Amino acid sequence: MADGSEVRAWAELIPDALGLIFCNLPLKEILTVVPRVCKSWGMAVSGPYCWQEIDIHIWSKSREPEQLDQMLHMLIERSCGSFRRLSVFGLRTESMFTFIADHAGSLERLELPRSEISDSIAQLVAPRLSSLTYLDLSYCKRIGPRAIEAFGKHCRSLVVLRRRMYPLEDFVREENCQEEEAFAIAKMMTKLRHLEIPFHLATTRGVLEILSKCRDLEYLDLRGCWNVKLDEQYFIGRHSGVKVLIPELVKGYRSHSSEFLWRPMSDDDVELYWDEFKLTYGDFFA
């Protein structure tokens with residue numbers, strides 16, 4: 001440049017650095033705009049550098065199963081099996097679950113909210129997902145305790161489980177099955193540090209079993225678990241290292257070593273669950 005200032009040669013950056021930069025862009029721009037800028041950028045996008053984290057959660061909400069499968073095939077193949085995170089909404093086909101598992105040697109974080117994964121599929125793919133530390137099975141209505149046991153048995157490093165359910169959906173769920181899930185968590189996922197089961201049909205007995213067996217637990221979300229009846233003094237006396245969210249209790253407590261959060265659902269909580277509820281029952285409000 002005429003003023004003698006340094007020219008930054010973006011095209012000469014190593015692919016790894018370019019991949020880290022491009023990961024901050026929307027999926028559409030990475031796939032359609034970036035490859036047309038120059039040859040080196042195109043090579044970076046077509047290789048594994050941008051796909052260590054595959055997050056198509058928002059994009060996948062409005063896609064047909066065929067489109068979703070095609071996109072996942074392409075991105076996972078580009079990652080060359082090195083992807084560490086996969087976030088996708090509403091995955092439906094059994095072949096796609098097995099494809100993910102076949103390439104999941106480095107996968108640590110798997111988010112499958114509202115997917116059609118079943119107990120039988122979970123038992124099939126869980127042995128190949130042994131590197132998982134974070135698992136999101138929220139709103140997955142086809143799984144039960146057998147799936148939880150399979151993931152717990154084979155994913156021994158799992159420390160985060162999200163098993164959120166839809167509010168006002170008790171009429172389509174089996175209470176006994178949900179209770180068995182709680183006992184499966186307690187039995188097979190003893191290393192959990194973070195557990196979210198809002199609107200789960202677990203009972204007090206199931207939650208007590210989780211607290212008894214999951215000794216490393218630091219965070220427990222029980223909002224909407226109306227069958228769980230625990231008082232504040234129980235947690236203060238026996239589980240002072242756990243932050244608990246329970247809608248019925250409104251008091252706050254803080255000790256020198258931990259924090260308890262007892263409060264009703266906030267406006268933000270209500271909006272979150274209402275948005276998720278409308279995804280399933282939106283036709284009733286059309």
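Heads up: numbering here begins at 1 and tracks the sequence. Note that the coordinates shown come from a computational prediction; the quantities given were computed from them, not determined experimentally. These values consider heavy atoms only, across backbone and side chains, with no hydrogens, waters or symmetry-generated copies.
- Under a hydrophobic-cluster definition in which Ile, Leu, Val, Met, Phe, Trp and Tyr are linked whenever side-chain heavy atoms come within less than 4.5 Å, directly or via other members, Phe183 and Val228 are assigned to different clusters.
- Residue Met188 shares its hydrophobic cluster (ILVMFWY side chains chained together at separations under 4.5 Å) with no other residue.
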Check: Can Thr93 and Asp69 be said to form a side chain to side chain donor-acceptor pair (under 3.5 Å), step by step?
Finding: CA-CA 8 Å; Thr93 58; Asp69 287 0; 2.7 Å; yes
Next item on the list: Show your working on side-chain contact (heavy atoms from CB on, under 4.5 Å) between Met165 and Leu201 and close with a plain yes or no.
Entry: CA-CA 9 Å; Met165 303 303 292; Leu201 294 181; over 6 Å; no
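- Judged as a salt bridge (Lys or Arg N to Asp or Glu O under 4.0 Å), and not counting sequence neighbours, the contacts of Lys213 are Glu209.
- Checked against salt bridge (Lys or Arg N to Asp or Glu O under 4.0 Å), Arg162 has the following partners two or more places apart in sequence or in another chain: Asp136, Glu196.
- Ala202 approaches Asn227 most closely through the heavy-atom pair O-CB, 3.4 Å.
- The side-chain hydrogen bond (donor to acceptor under 3.5 Å, both in side chains) check on Thr204 picks up nothing, with sequence neighbours excluded.
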Notebook entry, point to check: Could you walk me through whether Arg164 and Phe199 pass the side-chain contact (heavy atoms from CB on, under 4.5 Å) check?
Noted result: CA-CA 7 Å; Arg164 295 178 172 221; Phe199 294 99; over 6 Å; no
Next item on the list: Decide yes or no on side-chain contact (heavy atoms from CB on, under 4.5 Å) for Ile54 and Val88, but give the supporting numbers first.
Entry: CA-CA 8 Å; Ile54 301 176; Val88 55; over 6 Å; no
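- With Phe89 as the aromatic partner, Lys61 meets the cation-pi criteria of under 6.0 angstrom to the ring centre and within 45 degrees of the ring axis.
- Hydrophobic cluster membership is shared by Met71 and Leu86, with clusters built from Ile, Leu, Val, Met, Phe, Trp and Tyr side chains linked at under 4.5 angstrom.
- A search for side-chain hydrogen bond (donor to acceptor under 3.5 Å, both in side chains) contacts involving Ser120 returns Ser118, not counting sequence neighbours.
- In the hydrophobic clustering of ILVMFWY residues, with side-chain heavy atoms under 4.5 Å counting as a link, Leu75 and Ile58 come out apart.
- Residues meeting the salt bridge (Lys or Arg N to Asp or Glu O under 4.0 Å) test with Asp119, sequence neighbours left out: Arg146.
- With sequence neighbours left out, Gln67 forms a side chain to side chain contact (heavy atoms under 4.5 Å, CB included) with Arg63, Glu64.
- Listed by chain and number, the residues in a side-chain hydrogen bond (donor to acceptor under 3.5 Å, both in side chains) with Arg84 are Gln52 (sequence neighbours excluded).
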Below 3.5 Å, can you tabulate the donor-acceptor pairs from side chains in residues 103-111 to any protein atom, sequence neighbours excluded?
{"from": "His103", "atom 1": "ND1", "to": "Phe99", "atom 2": "O", "distance (Å)": "2.9"}
{"from": "Arg109", "atom 1": "NE", "to": "Glu111", "atom 2": "OE2", "distance (Å)": "2.6"}
{"from": "Arg109", "atom 1": "NH2", "to": "Tyr134", "atom 2": "OH", "distance (Å)": "3.4"}
{"from": "Glu111", "atom 1": "OE1", "to": "Arg85", "atom 2": "NH2", "distance (Å)": "3.4"}
{"from": "Glu111", "atom 1": "OE1", "to": "Ser87", "atom 2": "OG", "distance (Å)": "3.2"}
{"from": "Glu111", "atom 1": "OE2", "to": "Arg85", "atom 2": "NE", "distance (Å)": "2.8"}
{"from": "Glu111", "atom 1": "OE2", "to": "Arg85", "atom 2": "NH2", "distance (Å)": "3.2"}

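- Remark: side-chain polar atoms of Ser212 are not paired, donor with acceptor, to backbone N or O of Leu208 under 3.5 angstrom.
- Residue pairs meeting the salt bridge (charged side-chain N to carboxylate O under 4.0 Å, His left out) criterion with at least one partner in residues 86-107, sequence neighbours excluded, are Asp102-Arg128.
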